[in-house]
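For reference, the structure is listed below as structure tokens.
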Amino acid sequence: MNNTTELDTERIVYVTEDGEPTGETAPKLAAHHENTRLHLAFSCYLLRSSDQALLITSRAASKKVWPRVWTNSVCGHPAPGEPIEEAVRRRAAFELGLPRLDGLRCVLPAYRYSTPPFEGVVENEFCPVFVAWVDGDPEPHPDEVGDWRWLSWNDYALLLNDDVTDVSYWAKDQFSQLKDFEPFSSLQNGTSVRDNGADPSST
């Protein structure tokens, strides 16, 4: 799948406040604006199997929604009729070059958020949150990911409170809930790990 096809054909699914599809869909890019309607999405946190480091990514500068901000590993939108777990795997493969996700499971099945405007665009999603484990480094699509880094969970917590670094609204909002659930609650006593990307504060 090339990026032009992805952008031209991907549609989002409108949902109720309970996450039930309304039967309406819309082109992904055109549907995101200052009055974005509630739609179905997902967030996924990828942990490195060897040391439980978290993969964080910087959204590409060309992204319409929240460009150039650091966030969790991968986010996206299920296509109409697509099981959400399949959408997670599809986007991880497309955005990050990571087609194999081990132990994929949902940790926040009813997460819902709406952002303040960022460069004129509001994000408004019913967004189940997943976790999975990977063995290798990402090979990201440049139109999706501007940079990436492995962090310990404790260092990630520090990053979310860094006034210098731009971090996505949903990453900060999800953290307050994720930190009390496994596997994240067990990671809070971990130590720093080696990283393989640029310093987020440098972007």
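The basis for the numbers below is simple: all heavy atoms, side chains too, and nothing from hydrogens, waters or symmetry mates.
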Apply ring pair (Phe, Tyr, Trp, His ring centres under 6.0 Å) to [X] and list each qualifying residue two or more places apart in sequence or on a separate chain.
X    : value
F130 : none
Y111 : Y113
F175 : W153

Common cluster, [X]/[Y], ILVMFWY with side-chain heavy-atom separation under 4.5 Å:
X    : Y    : value
Y156 : L108 : yes
V129 : I12  : no
L54  : F181 : yes
L178 : L160 : yes
V131 : L151 : yes

Side chains of [X] and [Y] in contact at under 4.5 Å (non-hydrogen atoms):
X    : Y    : value
L96  : L55  : yes
N35  : V122 : no
L40  : Y14  : no
R37  : H32  : no
H33  : T36  : yes
F184 : V107 : yes
P183 : R105 : yes

For the pair E10 and R91, find out whether any cationic side-chain nitrogen is under 4.0 Å from an anionic carboxylate oxygen.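 Salt bridge flag = yes for R91 with E10.
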
Within the distance-only criterion (no hydrogens, no angle test), does the side chain of [X] pair as donor or acceptor with the backbone N or O of [Y] below 3.5 angstrom?
X    : Y    : answer
N72  : A171 : no
S73  : Y45  : no
T25  : R11  : no
D162 : L158 : no
H39  : N124 : yes

Could you walk me through whether W133 and Q52 pass the side-chain hydrogen bond (donor to acceptor under 3.5 Å, both in side chains) check? CA-CA 8 Å; W133 284 261; Q52 307 304 299; 2.9 Å; yes

Roughly how far, to the nearest 0.5 Å, is the [atom2] atom of [Y] from the [atom1] atom of [X]?
X    : Y    : atom1 : atom2 : result
E125 : W170 : CD    : CH2   : 7.5 Å
T71  : D166 : OG1   : CG    : 11.5 Å
I84  : C127 : CD1   : SG    : 7.5 Å
S58  : E144 : OG    : CD    : 12.5 Å
E20  : T22  : CD    : OG1   : 10.5 Å
T57  : E95  : OG1   : CD    : 7.5 Å

Report the C-alpha distance between V134 and S49 in whole Å, list the side-chain angles of each, state the deciding distance to 0.1 Å, and finish with yes or no for side chain to side chain contact (heavy atoms under 4.5 Å, CB included). CA-CA 6 Å; V134 296; S49 300; 5.8 Å; no

Assess whether side-chain hydrogen bond (donor to acceptor under 3.5 Å, both in side chains) is satisfied between H77 and E82, documenting all intermediate values. CA-CA 10 Å; H77 304 85; E82 181 183 30; over 6 Å; no

H141/F94 aromatic ring centres below 6.0 Å: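 Yes, ring centres under 6.0 Å apart.
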
At their closest point, which heavy atom of [X] faces which heavy atom of [Y], and how far apart are they?
X    : Y    : value
P67  : A61  : CB-O, 3.6 Å
F42  : V74  : CE1-O, 4.1 Å
L104 : R89  : CB-NH2, 3.7 Å
P21  : V13  : CB-CG1, 3.9 Å
W150 : P138 : CZ2-CD, 4.2 Å
P78  : A41  : CD-CA, 3.8 Å

Test salt bridge (Lys or Arg N to Asp or Glu O under 4.0 Å) on D147 and R149; report intermediate values, then the result. CA-CA 7 Å; D147 219 326; R149 189 183 185 190; over 6 Å; no

Checking side-chain polar atoms at under 3.5 Å, does S43 have a donor or acceptor matched by the opposite partner on Q174?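 Q174 and S43 do have a side-chain donor-acceptor pair below 3.5 Å.
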
Is it the case that over 12 heavy atoms from other parts of the model lie below 6.0 angstrom from the CD atom of E139?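 Counting neighbours around CD of E139, 12 or fewer heavy atoms of other residues, nucleotides or ligands fall under 6.0 Å, so no.
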
